[in-house]
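Below: one structure, written as structure tokens.
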Number of protein chains: 2
Amino acid sequence: MPTDTTASARARASDELREVALEHFATVGFGASSLQQIADHAGYSKSSVLYHFASKEALLEAAIGPSIDALEDLLGDLIEFRRSPGERGAFIDRFVDFLLANRLAVHTFVNQGQSLRGIPVIERANVAINRLAEAVCADEATAAEQVRFGVALGGAAFILATGNLYRGDAPELPEDEVRTALVAVLSELLLPVPAGRPDRAY
Amino acid sequence: MPTDTTASARARASDELREVALEHFATVGFGASSLQQIADHAGYSKSSVLYHFASKEALLEAAIGPSIDALEDLLGDLIEFRRSPGERGAFIDRFVDFLLANRLAVHTFVNQGQSLRGIPVIERANVAINRLAEAVCADEATAAEQVRFGVALGGAAFILATGNLYRGDAPELPEDEVRTALVAVLSELLLPVPAGRPDRAY
DNA sequence: CGGTAGCTTGACCGATCGGTCAGGGACTGC
DNA sequence: GCAGTCCCTGACCGATCGGTCAAGCTACCG
């Protein structure tokens with residue numbers, strides 16, 4: 001490792017490349033990202049990228065795999081306490097924390113999960129999302145419930161990656177405010193009707 | 001195919017190509033779509049695509065431009081009746097109709113509007129979405145309101161393009177049920193708190 | 001000091017990218 | 001019959017794609 005100061009140069013380069021790659025995958029999409037662009041943006045050569053990661057798909061796996069692991073852990077816990085509205089609220093808290101800690105990865109596999117079928121890590125993500133949907137929606141899943149879940153998932157993934165909401169002058173929303181707002185919105189969308197939902201136009 | 005039966009062959013081929021291209025742009029993304037794939041999928045040659053549309057960007061413009069026109073018309077009307085909750089509800093009705101009639105185009109410019117900056121038609125879409133945000137959120141826009149709008153927009157765009165919600169066995173939700181569900185969800189998200197919103201966990 | 005392992009790189013590969021261009025076949029008007 | 005227009009296409013262009021390979025460099029170990 002040339003001119004290594006702290007940890008191994010391998011780990012440092014890998015981390016930098018993973019991070020830059022994730023940013024590209026989330027913003028311009030996996031298919032539209034080139035190894036050359038990622039390498040340039042990270043300050044390495046394309047060959048270096050392919051030294052640390054066997055292929056473009058392997059780089060994707062390294063970039064979003066850990067986030068999917070975390071999601072699977074979350075789902076494992078979810079199986080235990082089911083159904084009770086209070087515990088669902090607690091799950092939403094944890095879920096929002098997960099979203100905030102994995103913004104780019106979530107946006108990547110939520111919005112590209114359909115088109116990247118066949119890539120193992122994406123398949124894993126799709127299975128996890130499917131399990132999440134089954135756990136959140138009732139098993140008999142009315143159309144309304146599926147729409148609520150889809151809007152919650154897609155909406156959260158969207159807002160997490162779209163920093164300032166198309167407003168060029170935006171002041172970059174503070175994370176804790178986003179967190180509380182997101183918990184509130186997802187609670188409204190996913191919690192079984194808490195007595196006072198304004199039932200207009202159903 | 002030069003054997004023209006009904007309308008002009010130009011118009012028919014253009015329509016087919018626009019449709020196929022829009023499907024590709026919405027699903028795999030503009031940058032990851034190739035003219036060759038679009039041509040193959042439509043049953044034409046790549047040269048034919050570039051005969052009908054001067055460039056890949058021109059094809060994008062043709063594919064989503066009309067939808068953006070419709071959105072701009074919708075916004076023009078929105079300026080007139082502002083603020084009153086009842087009229088906002090009526091606007092949501094019309095907006096959902098617009099979403100359902102322009103599923104793929106909406107998904108395309110909502111989810112790729114950030115990464116495709118510089119393309120004129122995308123710039124136009126971003127301006128329209130920005131205007132929509134300013135009209136829906138209050139001008140002073142709390143973080144919670146911006147999150148609500150973002151979740152509503154991103155969530156709607158997501159669910160419109162993601163046909164069966166990751167569930168391989170899904171029975172393809174009927175459009176009218178999706179419509180009513182979407183109106184209900186967007187009303188909850190965007191209508192100023194209608195007296196009885198369950199204010200949990202704020 | 002020589003050897004070796006780890007990290008980086010440029011040169012190179014075949015395939016594909018968006019785009020240009022010169023035609024070819026089918027139809028119309030003369 | 002012939003010119004012209006319209007629609008479509010294959011051949012071709014330079015650039016870039018993901019990926020391979022061998023060489024070079026630094027650091028450490030004997």
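Every value quoted in this text rests on a predicted model; they were computed, and no experiment measured them. No hydrogens, no waters, no symmetry mates; every other heavy atom, side chains included, goes into these values. Throughout, a chain's letter reflects where its sequence line sits, starting with A, and its residues are numbered from 1.
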Nucleotide C:dT9, atom P - distance to OH of A:Tyr44 in whole Å: 8 Å
Quick check: are there more than 12 heavy atoms from other residues, nucleotides or ligands sitting under 6.0 Å from CD of B:Glu123? yes
Among C:dG10, C:dG18, D:dT9, which nucleotide has an atom closest to any side-chain atom of B:Leu35? C:dG18
Along DNA chain D (nearest heavy atom to each residue), the more 5'-positioned of A:Ser55 and B:Ala13: B:Ala13
Can you list, by residue number, the residues of residues 46-53 of chain A that have a non-hydrogen atom closer than 4.0 angstrom to DNA chain C? A:Ser47, A:Ser48, A:Tyr51, A:His52
Measure from the side-chain heavy atoms of B:Gln36 and tell me the nearest of C:dT9, D:dC17, C:dC17. C:dC17
Separation of C:dT9 P from A:Asp40 CG (nearest whole Å): 11 Å
In Å and rounded to the nearest 0.5 Å, what is the CG to CD1 distance from A:Leu191 to A:Ile92? 4.5 Å
Establish, with yes or no, whether the OP1 or OP2 oxygen of D:dT16 is under 4.0 angstrom from a side-chain nitrogen or oxygen of A:Ser34. no
For A:Ser14, report the nucleic acid contact type (base, sugar-phosphate, nothing); a contact means any heavy atom under 4.0 Å. nothing
Tell me the interatomic distance from B:Lys56, atom NZ, to C:dC17, atom P, rounded to whole angstroms. 9 Å
Please determine if A:Asp15 and A:Arg12 form a salt bridge, counting it only when a charged side-chain N lies under 4.0 Å from a carboxylate O. no
Ion pair B:Arg131/B:Glu72, N-O distance below 4.0 Å: no
Going by the rule ring-ring contact (aromatic ring centres under 6.0 Å, His included), which residues pair with A:His107 if we only count those two or more places apart in sequence or in a different chain? none
Only pairs at least two apart or in different chains count here, so list each salt bridge (Lys or Arg N to Asp or Glu O under 4.0 Å) that has a residue in residues 34-57 of chain B. none
note: B:Glu61, atom CD; C:dG18, atom C1'; distance rounded to Å ~ 18 Å
Interatomic distance, B:Ile38 CD1 vs C:dC17 C1' [rounded to whole Å]: 12 Å
